[in-house]
Peer 1: 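If you scroll down you'll find the structure; I have some questions about it.
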Amino acid sequence: MRRQYPFHLIEPKWQRDWLDRKTFRAFDPGEPVPDSHPFRRRHKKPVAPSKADPYAPRRYILDMFPYPSGSGLHVGHPEGYTATDILCRYHRMRGCHVLHPMGWDAFGLPAEQYAIKTGQHPRKTTEENIATFRRQIQALGFSYDWDREVDTTDPKYFKWTQWIFLQLYHAWFNPATQKAEPISTYRGSDPDSVRLAYVAEVPVNWCPDLGTVLANEEVIDGKSEVGGFPVERRPMRQWMLRITAYAERLLEGLDALDWPEGLKLLQKNWIGRSEGAAVKFQISNLKSQIEVFTTRPDTLFGATFMVLAPEHSLVDTITTAAQKSAVAAYRKECSSKSDQDRQLAKEKTGVFTGAYAINPVNDEKIPVWIADYVMMGYGTGAIMAVPAHDDRDWAFAKKYNIPIIQVVQPPTSAKTDELFTGDGTNINSGMITGLATPDAKKKITAWLEEKSLGKKTIQYKLRDWLFSRQRYWGEPFPIAWKSDKHHAMETSQLPIELPEMGDFKPTGTGEPPLAKATEWRKLPDGSLRETNTMPQWAGSCWYYLRYLDPKNPTSFCDNKKSEYWLSPISNLKSQISNHPAGVDLYVGGAEHAVLHLLYSRFWHKALFDLGHVPVPEPFHKLVNQGTILGEDGQKMAKSRGNVVNPDVVIAEYGADAMRLYEMFMGPLEQTKPWTMTGVEGVYRFLGRVWRLFADEASLEAFDQKLTMLGNDHAAAEKTMTEIKLHALINNDAPNPTQLTTLHKTIRKVTQDLDAMGFNTAISAMMVFVNEAMTWPNRPSSTLKTFLLLLAPFAPHLAEELWSKMGEKETLAYEPWPKYGDQYLVENEVEIVLQVNGKIRDKVRGTRSLSEDALKSLAMENPRVKEFISGKTVRKMVVVPGRLVNVVVG
RNA sequence: GCCCGAGUGGCGGAAUGGUAGACGCGCUGGAUUCAAAAUCCAGUAUCCGCAAGGAUGUGUGGGUUCGAGUCCCUCCUCGGGCACCA
C-alpha cells in the first residue's frame with residue numbers, strides 16, 4: 001500500500017528534536033529556565049512559577065510505570081500512555097506547568113526466573129528489557145521528561161526504598177493520635193511489638209514452586225498470581241508491615257478521592273470493615289475464656305454451640321481426655337489440607353472438644369466444637385454459633401443435630417423454623433425481647449460492656465502486609481541480626497546492595513538465596529545481615545515521589561519540590577476543583593486495585609504522618625484504562641497468537657496513527673477489541689489531513705524522488721522541504737461557514753478533552769477535515785488553528801505541518817485555541833414536528849421563533865394536518881428552537 | 001451465593017428526557033486507471049413499497065412522561081471482583 005504521508009521521515013525527526021531540545025523538561029520551582037526553551041517564551045518568566053503563580057497552574061499527570069518484561073511493549077501499554085500524553089500536551093498548551101515522567105518497575109520474579117532459566121544475571125536482562133521498553137515508548141512520541149526517569153533496581157533509587165522501610169521500622173502507630181509517630185514516643189516495654197515494620201511468626205502463603213512466600217493480595221484462588229502455582233499455608237518467621245493500623249484511615253480517605261466508584265468499592269471490600277461486639281464466654285470448670293467476635297450480638301440468646309478454628313491455641317487446654325484422639329485426628333486432617341481444598345469442601349466438618357462454655361446472657365451450657373469453617377485469621381478465630389440466624393451455623397447444626405433456637409422473628413411472616421439471617425424483632429431474648437434488630441444490638445452491647453463481658457468492636461478483613469520474599473532480585477532489608485535480635489542499619493550505610501552471586505537460585509527450604517552469600521552477610525560487629533528481600537511492590541509504593549526529585553543524593557524527595565508538585569491547587573476554571581491529594585491524574589490498569597494502590601496509600605500516609613510528604617493521599621484522580629483484546633475478541637496471549645506488536649503497527653502506519661487508533665477505538669475505560677482495519681481508518685484520516693495542506697503535484701514529485709533515494713534517510717528527510725503547500729491555502733479571512741465549522745470543532749475537542757472523551761474528539765476533527773476538503777479555499781489561519789487541536793493527538797504530523805505553514809517554533813507551548821460563541825449561534829434551525837410523540841415532519845425556521853409562531857407553524861403543516869384530522873387537539877408541547885409536539889386524542 | 005459494570009446496525013461505537021445509529025470499519029455502485037493499488041463521489045438499521053411514504057426498532061416484560069437508548073421496577077445474558085470474614 002502506498003504511504004498516505006511520509007510518517008517514517010516526520011516522526012523520527014520530531015522525536016529527535018524534542019529529545020535534543022528537552023522540549024518537555026519540567027522545571028522545578030526556582031530552577032532557571034534557559035532563554036531558548038519554549039516554556040520560557042510561553043510564560044515570560046525567568047524561573048519556573050512558584051506555587052502561588054496563577055498563570056501557570058501545575059499539573060502532575062502520571063502513568064503506572066511498566067514492568068519491563070522480555071517480550072516488550074504490547075498495545076495495552078500505550079493505551080493509557082497515549083491518553084495521558086494527549087492530556088499533558090493539552091494542558092501545556094492551556095498554560096499549565098506539566099510534570100509527566102516515566103520509569104521502570106524492574107525488580108521482581110519474572111526477571112529472576114528468566115535469569116535462572118538462561119543463566120544470565122537478572123541485572124543484564126533487566127537492562128536489556130529497559131532499553132527495549134524505552135525505545136518502544138520513545139517511538140510513540142510521548143512527551144515525558146526523560147531527565148526524571150527512575151529505575152527501581154538502581155542502587156541510587158532503592159537506597160531510598162530502604163530508607164522508607166527504616167522510617168516504618170522506627171515508627172509506631174499511636175492509637176491515641178491515630179497516626180504514626182517515632183518509636184521514641186512509645187512508652188511501653190516492648191517497642192518491637194508495635195513497630196510499623198515488625199517480625200512475626202505467622203501462617204504465611206508459601207509457594208514451593210516459586211520458593212517464596214506471598215502476600216494475601218498475590219494469591220488468587222489458592223494459586224500464585226505470578227505463574228499460577230499452588231500456595232500452601234505454613235508458619236514462618238517473616239517481616240510484616242502494619243497496614244492494619246491504617247485500616248480506618250485507608251477506608252475514610254477514599255471518600256475524597258476522584259476514583260471510579262467500583263474501584264473504591266473494591267478497596268472498601270478488601271479492607272472489610274464490620275461493626276459488632278467482642279464477647280467473652282467462660283469455659284465450664286476451667287479458668288479459660290473464649291473470646292468471639294460477632295456482628296450479631298442481638299442473637300446471643302440463640303447461641304447453641306461455639307466453634308474454634310482447629311489451629312486455635314485454646315484447643316489443647318479445653319479438650320477433654322475422652323475427645324483428645326478425635327480432636328488430634330481432625331486437626332491433623334485440617335493441617336494437611338490446602339486452603340483451596342478447604343474452600344472447595346462443601347460439606348461442613350468438625351469435632352466436639354468435650355468442653356462446654358457458659359453463655360453470658362443466660363448461663364446456658366453450650367458445647368464447644370472445632371471446625372475448619374472457622375478461620376484462625378479473622379476475628380479471634382472463634383465464634384458463637386447461632387444456627388437459627390446464620391446459614392453456616394445452620395448447616396453445621398443440622399448435620400450434627402445441635403439444637404436450633406429462634407431468637408429473631410422475620411418482619412414479614414409469623415414465627416417459622418426456617419433459617420432467617422435478616423433483621424427482625426427479637427423473641428426469647430430476655431431483656432432485648434421485642435426490640436428491632438438495630439436496637440437489640442445496641443442494648444445488648446451496652447449490657448455486655450456494663451458487665452465487662454464484652455465490648456463494641458470493629459473488625460477488618462485486611463491483614464498485615466507480609467513484606468519479605470525468599471528471592472534474590474529485590475531490595476535487601478537494611479536490617480542485621482545479632483543474638484536473635486534485629487537492629488536497623490544506619491542511614492549512612494545505605495544503600496545495602498545485592499551481593500554478586502553465581503548461584504542465586506531459591507534454596508527450596510524457605511531459606512533465602514542471600515543466605516548463601518556468607519561473606520556478604522557478615523558485618524564487622526559480628527552481626528549477620530537479613531537475607532530476605534522486599535517484594536516487587538516496595539519500589540512502586542513511592543516512585544511517584546522520586547520523580548519529583550529523581551537525582552537527589554541526600555533526600556528521597558526535597559520538601560520544596562513535593563510541596564510544589566503535590567499541594568492542592570486552584571486550577572483553570574473548568575478543571576478539577578481543589579483537592580487534598582497529590583498526583584492530579586493517575587492512569588493505569590484496574591488489576592492493581594488492592595495491591596499497588598492500597599500499599600502505596602499506606603506508605604504515603606505513614607510518610608505523611610512522619611512529616612515527609614505534604615498531603616495525606618498520593619493519587620487524587622484515578623482512571624483505569626480498559627483491556628485491549630485481540631482481533632478475535634479474546635484476551636491477547638502469546639499462546640493464542642493474537643498479540644499485536646506496536647513496532648509492527650508503527651512501521652506500517654506510524655506512531656500518530658497508532659496513537660490515534662488507540663484513542664479512537666472507544667471510551668478509554670472500556671474493554672475493546674483491536675482491528676487493523678480500524679488502524680487503517682485513522683491512518684487514512686491523517687492522510688487526508690496531509691493532503692489538506694500539501695500540494696498533490698509536489699507530493700508526486702516527492703514520491704518519485706524518495707524511490708530514487710532508496711535508503712538514504714537523511715537525504716529523504718531533506719527532500720521533504722520540496723513539498724509545497726496546497727494551492728487553495730491563502731491568507732483570506734475565513735468566511736462565516738468556515739468560522740462556524742472551526743469553532744464548533746474547537747468547542748467539541750476542548751469539551752471532550754476535559755471529559756477525557758478522546759474518541760469523540762477525534763470524530764469531531766474528522767468532521768472538520770471532511771468539510772474543509774470541500775471548501776473553495778483554505779484560509780491559513782483556520783488551518784493552523786486546526787493543527788493546534790490535532791497536536792495533542794498526532795503531535796508529529798501537527799508539528800511538521802505547523803513548520804510547513806512557516807512557523808519556526810514547536811507548537812507544544814502555543815496557546816490552546818478558544819472558541820467564540822458568536823460563531824456558534826445558528827439562526828436557521830430544523831424544527832421537528834411531532835404528533836403524539838411521533839415525528840411527522842421537519843421544517844426549517846429561525847431560532848428565535850416564538851411559541852405561538854411555532855404552534856401555528858405546526859398546525860398549518862400539511863403532514864401534521866393529515867395526522868390530526870378528525871381528532872381533538874388536547875395539548876401542544878413546544879420546545880423553542882427544537883420541536884413542537886401536537887397531542888391529539 | 002454476594003457486590004459492581006455492561007447489553008444500541010454486519011463490526012467498534014455516537015446520542016443535556018426532545019430528529020436513535022455522529023465518526024470510523026466493512027459492504028454495494030460509480031468516477032479515475034491499460035489494469036491494480038491509492039484517491040474521490042453516492043448509498044448502506046429491519047420489513048412492506050416502483051416511488052412518495054408507512055410500520056417496526058437500543059437484551060426481556062412492565063411503569064412514569066406530551067415524548068424514554070436515557071428515569072423507576074422485574075427478569076435474562078455477558079464481563080469483572082469477592083467468596084465459609086462470623
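Any value given below was found using the heavy atoms of this structure, including those in side chains, with hydrogens, waters and symmetry copies removed. Numbers restart at 1 for each chain; the letters A, B, ... are given by sequence-line order, proteins then strands.
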Peer 1: Just how far, in rounded Å, is C1' of B/G12 from CD1 of A/Ile762?
Peer 2: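 Going from A/Ile762 (CD1) to B/G12 (C1'), I get 13 Å.
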Peer 1: Check the distance between B/A22's P and A/Asp752's CG and give it to me in whole angstrom.
Peer 2: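 After rounding, the reported distance stands at 17 Å.
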Peer 1: If only atom types and distance count, is the side chain of A/Lys455 paired as donor or acceptor with the main-chain N or O of A/Val279 below 3.5 Å?
Peer 2: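 Here the side-chain-to-backbone pair does not exist.
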Peer 1: With a 4.0 Å cut-off on heavy atoms, is A/Asp391 in touch with a base, just the backbone sugar-phosphate, or nothing at all?
Peer 2: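 Result for A/Asp391 = nothing.
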Peer 1: Looking at A/Tyr373, does the NZ or CZ of A/Lys348 lie under 6.0 angstrom from its six-membered ring centre and within 45 degrees of the ring axis?
Peer 2: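 Yes, a cation-pi geometry.
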Peer 1: Touch check for A/Asn759, heavy atoms < 4.0 angstrom, all strands: base, sugar-phosphate only, or nothing?
Peer 2: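 Sugar-phosphate contact only - A/Asn759 comes under 4.0 Å of backbone atoms but never of a base.
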Peer 1: What's the closest nucleotide to the A/Trp270 side chain, out of B/C82, B/G18, B/G12?
Peer 2: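 Closest nucleotide to the A/Trp270 side chain: B/C82.
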Peer 1: Contact class for A/Val767 vs. all strands (heavy atom < 4.0 Å): base, sugar-phosphate, or nothing?
Peer 2: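 Here A/Val767 touches the backbone only, sparing every base.
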Peer 1: Distance check, P atoms only: B/C2 and B/U8, in whole angstrom units.
Peer 2: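 Each nucleotide's P atom is 25 Å from the other's.
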Peer 1: I'd like the C1' distance from B/G61 over to B/C25, given in whole Å.
Peer 2: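 One C1' to the other, the span is 35 Å.
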Peer 1: Quick check on RNA chain B: between A/Leu265 and A/Thr380, whose nearest nucleotide comes earlier from the 5' end?
Peer 2: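 By nearest-heavy-atom nucleotide position, the 5'-most residue is A/Leu265.
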Peer 1: Are A/Lys441 and A/Glu275 ion-paired here, with the side-chain N under 4.0 Å from a carboxylate O?
Peer 2: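 No, this pair does not count.
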Peer 1: With a 4.0 Å cutoff (strictly under), does any side-chain N or O of A/Arg863 reach OP1 or OP2 of B/A52?
Peer 2: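 A/Arg863 to B/A52 OP1/OP2: no side-chain N or O under 4.0 Å.
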Peer 1: Check whether any side-chain N or O of A/Thr677 sits under 4.0 Å from OP1 or OP2 of B/G24, and answer yes or no.
Peer 2: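 For B/G24, OP1/OP2 do not have a side-chain N/O of A/Thr677 under 4.0 Å.
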Peer 1: Out of B/C23, B/A14, B/G18, which nucleotide sits closest to the side chain of A/Ser763?
Peer 2: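 In terms of side-chain proximity for A/Ser763, the closest of B/C23, B/A14, B/G18 is B/C23.
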Peer 1: Taking 4.0 angstrom as the limit, do A/Arg840 and A/Glu866 come out as a salt bridge?
Peer 2: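 No, this pair does not count.
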Peer 1: For B/G5, is chi within 90° of 0 (syn) or not (anti)?
Peer 2: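 Here B/G5 takes the anti form, which means its glycosidic angle is more than 90° from 0.
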Peer 1: The side chain of A/Lys461 lies closest to which of these nucleotides: B/A14, B/A86, B/C82?
Peer 2: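 Comparing B/A14, B/A86, B/C82 against the side chain of A/Lys461, the answer is B/C82.
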Peer 1: Verify the contact: side-chain N or O of A/Lys744 to OP1 or OP2 of B/A22, cut-off strictly under 4.0 Å; return yes or no.
Peer 2: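 For A/Lys744, the contact criterion (side-chain N or O under 4.0 Å from OP1 or OP2 of B/A22) is not met.
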Peer 1: Report which part of the nucleic acid A/Thr675 touches: base, sugar-phosphate, or nothing (heavy-atom distance under 4.0 Å, all strands).
Peer 2: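 Touches nothing.
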Peer 1: Are OP1 or OP2 of B/U19 and a side-chain N or O of A/Arg840 less than 4.0 angstrom apart?
Peer 2: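 No, A/Arg840 has no side-chain N/O under 4.0 Å of OP1/OP2 on B/U19.
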Peer 1: Assign the ring pair A/Phe396 / A/Tyr400 to parallel, tilted or perpendicular, where the plane angle (0 to 90°) is split at 30° and 60°.
Peer 2: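 Taking A/Tyr400 first and then A/Phe396, their aromatic rings sit tilted (interplane angle of 30° to 60°).
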Peer 1: Expressed in angstrom and rounded to an integer, what is the separation of A/Lys268 atom NZ from B/G81 atom C1'?
Peer 2: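 Roughly 15 Å, once rounded to whole Å.
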Peer 1: Sticking with atom P, work out how far B/C40 lies from B/C23, rounded to a whole angstrom.
Peer 2: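 The answer is 15 Å between these two P atoms.
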Peer 1: Under 4.0 Å: is that the gap between some side-chain N or O of A/Asn770 and OP1 or OP2 of B/A22?
Peer 2: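 For A/Asn770, the contact criterion (side-chain N or O under 4.0 Å from OP1 or OP2 of B/A22) is not met.
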Peer 1: Here's a test of your reading of the structure: between A/Leu883 and A/Met773, which maps to the more 5' nucleotide of RNA chain B?
Peer 2: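 First, find each residue's nearest nucleotide; the 5'-ward one identifies A/Leu883.
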Peer 1: Inspect the contact between A/Arg659 and A/Glu662 and indicate whether a charged nitrogen and a carboxylate oxygen are less than 4.0 angstrom apart.
Peer 2: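 A salt bridge is absent here (no side-chain N lies under 4.0 Å from a carboxylate O).
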Peer 1: Nearest to the side chain of A/Phe867, which nucleotide is it out of B/C25, B/G54, B/A14?
Peer 2: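 The answer is B/G54, which lies nearest to the side chain.
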Peer 1: Expressed as a whole number of angstroms, how long is the span from A/Met859:CE to B/C66:P?
Peer 2: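 Those two atoms, CE and P, are 18 Å apart.
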Peer 1: On a whole-Å scale, what distance lies between the P atoms belonging to B/G24 and B/A15?
Peer 2: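 Pairwise P distance, B/G24 against B/A15, rounds to 16 Å.
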Peer 1: Are any of the side-chain nitrogens in A/Lys672 or A/Glu79 under 4.0 Å away from the carboxylate oxygens of its partner?
Peer 2: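 Yes, this pair counts.
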Peer 1: What nucleotide, of B/U39, B/U19, B/C66, holds the atom closest to the side chain of A/Val877?
Peer 2: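 Selected nucleotide (nearest to the side chain): B/C66.
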Peer 1: Taking atom P of B/G13 as reference, at what distance in whole Å does atom CD of A/Glu669 sit?
Peer 2: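 After rounding, the reported distance stands at 14 Å.
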Peer 1: Rounding to a whole Å, what distance do you find between A/Lys635:NZ and B/G80:C1'?
Peer 2: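 Nearest whole value for this atom pair: 9 Å.
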Peer 1: Using a 4.0 Å heavy-atom cut-off, does A/Val887 contact any base of the nucleic acid, only the sugar-phosphate backbone, or nothing at all?
Peer 2: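 Sugar-phosphate: the residue A/Val887, judged by heavy atoms under 4.0 Å, touches backbone atoms but no base.
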Peer 1: Could you tell me whether the phosphate oxygens of B/U39, OP1 or OP2, come under 4.0 Å of any side-chain nitrogen or oxygen in A/Gln4?
Peer 2: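 Indeed, a polar side-chain atom of A/Gln4 lies that close.
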Peer 1: Whole angstrom is fine here: how far is it from CD in A/Glu275 over to P in B/A86?
Peer 2: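 Interatomic distance, CD of A/Glu275 to P of B/A86: 12 Å.
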Peer 1: When you get a sec, tell me which of B/C84, B/U16, B/G26 is the closest nucleotide to the side chain of A/Arg684?
Peer 2: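 Shortest atom-to-atom distance from the side chain points to B/G26.
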Peer 1: In whole Å, what separates the P atom of B/U46 from that of B/U58?
Peer 2: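 Roughly 15 Å separates the two P atoms.
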Peer 1: With respect to the side chain of A/Leu266, which nucleotide from B/C82, B/G54, B/G81 is positioned closest?
Peer 2: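 Out of B/C82, B/G54, B/G81, the nucleotide with an atom closest to A/Leu266's side chain is B/G81.
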Peer 1: So A/Gln459, base contact, sugar-phosphate only, or nothing? Heavy-atom distance under 4.0 Å.
Peer 2: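 The answer is nothing, as A/Gln459 stays clear of every strand by at least 4.0 Å.
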Peer 1: Respond yes when some side-chain nitrogen or oxygen of A/Lys875 is under 4.0 Å from OP1 or OP2 of B/C66, and no when none is.
Peer 2: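 Yes, because at least one side-chain N or O of A/Lys875 sits under 4.0 Å from OP1 or OP2 of B/C66.
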Peer 1: Any donor and acceptor pair, going by atom type alone, linking the side chain of A/Asn861 with main-chain N or O of A/Val864 inside 3.5 Å?
Peer 2: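 Flag set: sc A/Asn861 to bb A/Val864 pair under 3.5 Å.
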Peer 1: Quick check: do A/Lys399 and A/Thr349 have side-chain heavy atoms less than 4.5 Å from each other?
Peer 2: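 Answer yes - side chains close enough.
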Peer 1: Base, sugar-phosphate or nothing for A/Glu830? Non-hydrogen atoms, less than 4.0 Å.
Peer 2: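 Base, at least one base heavy atom under 4.0 Å.
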Peer 1: Select base, sugar-phosphate, or nothing to describe what A/Arg688 touches, counting heavy atoms under 4.0 Å on all strands.
Peer 2: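 Since only primed, P, OP1 and OP2 atoms lie under 4.0 Å of A/Arg688, the category is sugar-phosphate.
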Peer 1: Determine the Euclidean distance between corresponding P atoms of B/G63 and B/C11; express it in Å to zero decimal places.
Peer 2: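 Roughly 30 Å separates the two P atoms.
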Peer 1: Can you tell me, in whole Å, how much space there is between the P of B/A20 and that of B/A68?
Peer 2: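 Roughly 11 Å separates the two P atoms.
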Peer 1: Please tell me which of the listed nucleotides, B/A15, B/C84, B/A20, lies nearest to the side chain of A/Lys348?
Peer 2: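 It is B/C84.
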Peer 1: Between B/C84, B/G13, B/U56, which nucleotide has the shortest distance from any of its atoms to the side chain of A/Lys838?
Peer 2: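 Looking only at side-chain atoms, A/Lys838 lies closest to B/U56.
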Peer 1: Given B/C25, B/A86, B/G67, identify the nucleotide with an atom nearest to the side chain of A/Ile383.
Peer 2: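 Looking only at side-chain atoms, A/Ile383 lies closest to B/A86.
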Peer 1: Can you tell me how far P in B/G80 sits from the matching atom in B/A45, rounded to whole Å?
Peer 2: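 Going atom to atom, P in each nucleotide, I get 34 Å.
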Peer 1: When all nucleic acid strands are considered with a 4.0 Å heavy-atom cut-off, which category describes A/Gly262: base, sugar-phosphate, or nothing?
Peer 2: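 Sugar-phosphate: the residue A/Gly262, judged by heavy atoms under 4.0 Å, touches backbone atoms but no base.
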